[in-house]
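Numbered from 1 within each chain, the chains take letters A, B, ... in sequence-line order. Every value quoted in this text rests on a predicted model; they were computed, and no experiment measured them.
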There are 2 protein chains.
Amino acid sequence: MSTQSKPVYLKLRDMIAAAIIDGRYAEGEMLPSVRALAAEQGANPLTVAKAYQQFQNDGLVEVQRGVGMYVVRGAAERLRRSERENFLRDEWPEIRARMARLGVSATELLADA
Amino acid sequence: MSTQSKPVYLKLRDMIAAAIIDGRYAEGEMLPSVRALAAEQGANPLTVAKAYQQFQNDGLVEVQRGVGMYVVRGAAERLRRSERENFLRDEWPEIRARMARLGVSATELLADA
DNA sequence: AGCGGTGTATTATGGCACTGATGCAGTCTG
DNA sequence: CAGACTGCATCAGTGCCATAATACACCGCT
């Protein structure tokens, strides 16, 4: 019975990525401060910072010290593309193999998309 | 870049489950001994034992002390069913939402089958 | 009985990821 | 400048994971 509890900072990272792709964190706008998001999510500010860190490294977010972090132009599309590539290259083959083993029909599940 | 590799005992558990479902570890036959599998996989016998443990708890494997562990009749099918349920209930919805967000279409996934 | 094969229990130890508390550095506004 | 807000760095604590070294209990064979 794998509870599969991903680390908090990765869960936050996924939430943030989704929000950027969906435009809820719009390009050019400021992200919630680490403290604000930490309070909202009941997490530690440092854990939130760790989640933000990766977006800075990838140049999807710009830091203005003392001010805040901003979503750069084109971040949503770039993020969507890279996530998409990763999904198709790394995750989907495994998922597909797993589904085959378990007797789950991919065509059937994807039909009513 | 945290590779975030799953714990060894869980990876082993997945390997074993796959082998049972595929019939490579056939019903009624004896599983590799903890020491043998440990040597083969370069792991610690206790780690292998931990992986085996869960199958005993679920009654998919029978222990004959001093002899070995045997795959019970119907284990493959039972395991396949439960894994299938878990997959459809826990994993598939998330995968599906993720695909929608990333703009992955059903047709393109099934094309390169 | 003896031997070698099984799984199991115990204890100790090292590593590493995650989380947390505190304080510092930079920027803006009044 | 004073205060309140930003992000960031440092240090420390915690828990899980994996390993290791033994020792034990059971079974089947010779």
(request) Please report the C-alpha distance between A:F55 and A:V71 in whole Å, then the side-chain angles of each, then the deciding distance to 0.1 Å, and finally whether the side-chain contact (heavy atoms from CB on, under 4.5 Å) criterion is met. (result) CA-CA 9 Å; A:F55 294 107; A:V71 182; over 6 Å; no
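- Summarising the geometry, the separation between CG on A:L31 and C1' on D:dC5 is reported as 16 Å, rounded to the nearest angstrom.
- Taking atom CG of A:L37 as the reference point, atom C1' of D:dT6 lies 14 Å away to the nearest angstrom.
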Please tabulate, for side-chain N and O atoms in residues 40-53 of chain B, each donor-acceptor pair with protein atoms closer than 3.5 Å (sequence neighbours left out).
from, atom 1, to, atom 2, distance (Å)
B:N44, OD1, B:L46, N, 2.8
B:Y52, OH, B:P32, O, 2.8
B:Q53, NE2, B:N57, OD1, 3.4

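- The B:T47 side chain lies nearest to D:dT19 when the options are D:dT19, C:dT8, D:dG7.
- We find that B:D14 and B:K6 are joined by a salt bridge, their nearest charged nitrogen and carboxylate oxygen being less than 4.0 Å apart.
- Counting any heavy atom pair closer than 4.0 Å across all strands shown, B:Q53 reaches no nucleic acid atom.
- Salt bridge status for B:R101 with A:E83: absent, with no side-chain N to carboxylate O gap under 4.0 Å.
- A straight line from CE of B:M69 to P of D:dC26 spans 17 Å, rounded to a whole angstrom.
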(request) Sugar-phosphate atoms are those with a prime plus P, OP1 and OP2; base atoms are the rest. Using that split, label each nucleotide of nucleotides 23-28 of chain C B, S or - for protein heavy atoms under 4.0 Å, 5' to 3'. (result) --BBB-
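- Regarding A:L46, its CG atom lies at a distance of 14 Å from the C1' atom of D:dG13, rounded to whole Å.
- One distance of note links CD1 of B:I20 with CZ of B:R80; it measures 14.5 Å at 0.5 Å rounding.
- The interatomic distance linking B:K50 (NZ) with C:dG7 (C1') rounds to 17 Å, in whole Å.
- A:E62 places no side-chain N or O within donor-acceptor distance of the main-chain N or O of A:Y70, the cut-off being under 3.5 Å.
- Listed nucleotides C:dT19, C:dT8, D:dT19 differ in distance to B:V63; the shortest reach to its side chain belongs to C:dT8.
- At a threshold of 4.5 Å between side-chain heavy atoms, the hydrophobic network of Ile, Leu, Val, Met, Phe, Trp and Tyr places B:V61 and B:M15 in one connected group.
- A:R81 has no carboxylate O lying under 4.0 Å from a charged side-chain N of A:E85, or vice versa, which leaves the two without a salt bridge.
- Under the 4.5 Å side-chain heavy-atom criterion for Ile, Leu, Val, Met, Phe, Trp and Tyr, B:V67 and B:V72 are members of distinct hydrophobic clusters.
- With rounding to whole Å, B:F55 atom CZ is found 18 Å from C:dT8 atom C1'.
- Within 4.0 Å (heavy atoms only), B:Y52 reaches no atom of the nucleic acid at all.
- Checked against C:dT19, D:dT19, C:dT22, the side chain of B:N44 finds its nearest nucleotide in D:dT19.
- Between A:L12 atom CG and C:dC18 atom C1' the separation is 12 Å, expressed in whole Å.
- In the set C:dT19, C:dT6, D:dC17, the nucleotide with an atom closest to the side chain of A:V8 is C:dT19.
- Closest of all the heavy-atom pairs between A:Q56 and A:V63 is OE1-CG2, 3.4 Å.
- Distance from the side chain of B:A43 is smallest to D:dT19 among D:dC17, C:dT8, D:dT19.
- To the nearest angstrom, C1' of C:dT19 lies 13 Å from CG of A:L10.
- When the C1' atoms of four end pairs are superposed on the next four at each end of the helix from C:dA1-D:dT30 to C:dG30-D:dC1, using five pairs per end, the two resulting axes differ in direction by 10°, to 10°.
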